[in-house]
2 protein chains.
Amino acid sequence: MDKQAQLEAFRKGIAQFVTFNDAEWKIFTPYLSFSSLSKKEHFAVEGKVCHYMCFITRGAVRYYHIKDGQEITGYFSFENELMSAYKSFLKRTPNTNYIQALEETELVMISHQNLQQMLNHPLLALKIERFGRLIAEYYICCYEDRVTAFVTQSPEERYTALEKTAKDIFQRIPQHFIANFLGITPVSLSRIRKRTLLQ
Amino acid sequence: MDKQAQLEAFRKGIAQFVTFNDAEWKIFTPYLSFSSLSKKEHFAVEGKVCHYMCFITRGAVRYYHIKDGQEITGYFSFENELMSAYKSFLKRTPNTNYIQALEETELVMISHQNLQQMLNHPLLALKIERFGRLIAEYYICCYEDRVTAFVTQSPEERYTALEKTAKDIFQRIPQHFIANFLGITPVSLSRIRKRTLLQ
DNA sequence: TGAAAACGTTAACAAAAGATAAGGATTTTA
DNA sequence: TAAAATCCTTATCTTTTGTTAACGTTTTCA
């Protein structure tokens, strides 16, 4: 995808949070940069500060922790979604997990440094503050649902819900990653799938 | 606690997010209101839009869902913390859970309407945008940790961690609420406590 | 293209958690 | 202050999950 198309996708993707008129867009876009990840390449690794907030124009990534030498996948992001090691990016602290491309992935990026400059730019500050606020609020709502699922639902119920709301994910992501995401082991997910099929 | 003392506590409590000089504080405070909850009184109920974002100056509340007629407690907030049915407050949608006082509780509140007015107030807008952004970012970091705990840790590990970081909660909150918060049944938590004591 | 790696399923067993009920202690409240 | 409600623990039984290993299939990649 060429940069122009990526910018278009980005503009469209963030329209739910904030819209720029053409004049503002012209000021805004020079603060953006572009990058891509080949399959299995890492965007973020444990112990390093994450300097970018990204919008995925193509591809998919997984977020995972390493615990006792084992990888545990906690989340995924796909095209037209935002991606970052958010906590590390916001707090400027070493990241505690990994973000790895599951497919060939293309990104539009905002560096932390550029973000700060925009927050000091008289013509952008208010809009960027709002942008940041609305993104954060959006993610809080997602997190709220995710925590609620862990507290109120059994693994099987979480699986059934996922199968209902995002069936396609099973065609795209290896099942053992999804198992981790649901908070169970791959073996257990395999059993749940068999169980729920028979019913 | 008198209103002046509550305002002081509020000012101090939000200083981690934003600080007001005395002139700004004078403009800001008229947008605040006060309330209190007696024990067991509800601040928010399922099906109603939550109109307030609060700061707890005294007391404690629990957040719970009702599933199959049963209450499941998902979270707590204590004095010097913020409290709201965040998702409902932000999206103006009916709330999906309950918030109930566990003790006599006192609140400093910002109504959604007043918040919007401040966001349109030339002298407050930028600071309030930032306030909102930083609050949201703060909660995202909390949620990130909480989700990570569910994905990477066993119930026993979550209990041990809680016992390490917030031992006092066991003196203050009925244990079966804490069990829900950890994502397990009260019976199971009782067993875990016995198990970990013997080791 | 051929060896190696990755992946999903299944089995067997152990460990943990859920469900239900009972009992005793404490707290609430009328 | 007496009855009711709440709370924690314990026991029993059932269900689910974790662990480990094996097997066949598919995918990867040198």
Side-chain angles (χ1 to χ4, degrees), chain A residues 37-41 60 62 64-73 76 98 100-104 149-163 167 169-199, chain B residues 37-41 60 62 64-65 67-73 76 100-104 149-163 167 169-199:
Chain A
L37 302 168
S38 49
K39 188 171 178 173
K40 295 203 178 174
E41 189 177 344
R62 72 178 176 116
Y64 68 93
H65 285 78
I66 293 188
K67 187 195 177 191
D68 305 330
Q70 283 228 315
E71 296 182 1
I72 303 179
T73 298
F76 311 99
Y98 298 80
Q100 183 189 44
L102 290 164
E103 311 167 358
E104 188 79 17
F150 277 114
V151 170
T152 66
Q153 298 185 314
S154 67
E156 181 171 327
E157 288 172 317
R158 290 199 294 275
Y159 163 70
T160 308
L162 182 67
E163 217 258 350
K167 201 178 174 102
I169 203 181
F170 291 93
Q171 265 62 61
R172 196 164 172 187
I173 306 281
Q175 189 173 304
H176 64 290
F177 292 154
I178 299 176
N180 292 165
F181 170 79
L182 292 170
I184 56 180
T185 60
V187 175
S188 189
L189 177 55
S190 184
R191 280 188 295 230
I192 287 174
R193 281 168 69 88
K194 187 176 184 183
R195 218 158 62 203
T196 54
L197 263 181
L198 299 179
Q199 280 160 13
Chain B
L37 302 167
S38 49
K39 189 171 178 174
K40 293 202 180 176
E41 188 176 345
R62 71 177 178 117
Y64 68 94
H65 286 77
K67 187 195 178 190
D68 306 329
Q70 283 228 315
E71 297 183 0
I72 302 179
T73 298
F76 311 98
Q100 183 189 45
L102 290 163
E103 312 167 357
E104 187 79 17
F150 276 114
V151 170
T152 66
Q153 297 185 314
S154 67
E156 181 171 326
E157 288 171 319
R158 291 199 293 277
Y159 163 70
T160 308
L162 182 67
E163 216 257 351
K167 202 176 175 102
I169 203 181
F170 292 92
Q171 264 64 62
R172 194 162 175 188
I173 306 279
Q175 191 172 304
H176 64 289
F177 292 153
I178 298 175
N180 292 165
F181 170 78
L182 291 170
I184 56 179
T185 60
V187 176
S188 190
L189 177 54
S190 184
R191 280 190 294 232
I192 288 174
R193 281 168 68 88
K194 188 177 184 183
R195 217 157 64 203
T196 53
L197 263 181
L198 299 179
Q199 279 160 14

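Each chain gets a letter, A, B and so on, in the order its sequence line appears, and its residues count up from 1.
Take the nearest nucleotide of DNA chain C for B:Ser154 and for A:Arg193: the residue whose nucleotide is more 5' is A:Arg193.
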For this session: Starting at the 5' end of nucleotides 19-30 of chain D, put B wherever the base has a protein heavy atom under 4.0 Å, S where only the sugar-phosphate does, and a dash everywhere else.
Result: BB-------S--
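For the pair B:Ile173 CD1 and D:dC8 P, the computed distance is 11 Å after rounding to whole Å. Atom CD of B:Gln171 and atom P of D:dC8 are 12 Å apart (whole Å). Counting to the nearest Å, the P atom of D:dC8 and the CD atom of B:Gln175 are 5 Å from each other. Per the geometry, CD1 belonging to A:Ile184 stands 13 Å off P belonging to D:dT16, to the nearest Å. Distance NZ (A:Lys67) to C1' (D:dG18): 12 Å, rounded to an integer number of Å. With rounding to whole Å, A:Glu157 atom CD is found 17 Å from D:dT15 atom P. Computed from coordinates, the B:Arg62 CZ to D:dC7 C1' distance equals 13 Å when rounded to whole Å. The CD1 atom of B:Ile192 sits 14 Å away from the C1' atom of D:dT17 (whole-angstrom rounding).
By the 4.5 Å heavy-atom criterion applied to side chains, B:Tyr64 and B:Asn180 are not counted as neighbours. Counting only heavy atoms from C-beta outward, the side chains of B:Gln175 and B:Leu189 approach each other to under 4.5 Å. Here the side chains of B:Leu162 and B:Phe181 are in contact, with some heavy-atom distance below 4.5 Å. Residues A:Leu102 and A:Phe177 form a side-chain contact, since some pair of their non-hydrogen atoms from C-beta on lies under 4.5 Å apart. Between B:Ile169 and B:Phe76, the closest side-chain pair of non-hydrogen atoms falls below 4.5 Å. Looking at B:Ile173 and B:Thr73, their side chains never come closer than 4.5 Å, going by heavy atoms from C-beta outward. At least one side-chain heavy atom of B:Ile184 sits under 4.5 Å from a side-chain heavy atom of B:Ile192.
Among all heavy-atom pairs drawn from A:Ala60 and A:Arg172, the shortest one is CB-NH2, 4.0 Å. For the pair A:His176 and A:Pro186, the tightest heavy-atom approach, listed with the atom from each and the gap, is CB-CG, 3.5 Å. When all heavy atoms are compared, the tightest approach of B:Lys67 to A:Thr152 is NZ-O, 2.7 Å.
Of all nucleotides in DNA chain C, those with any atom nearer than 4.0 Å to a heavy atom of chain A start and finish, going 5' to 3', at C:dC7 to C:dA12.
The backbone N or O of B:Arg62 lies less than 3.5 Å from no partner atom in the side chain of B:Gln100, so there is not a single donor-acceptor pair.
In this structure, the helix from C:dT1-D:dA30 to C:dA30-D:dT1 shows an angle of 60° between the axis at its start and the axis at its end, each fitted on 5 base pairs and rounded to 10°.
Contacts of A:Pro155 with the nucleic acid, taken as non-hydrogen atoms under 4.0 Å apart, involve only primed sugar atoms and P, OP1 or OP2.
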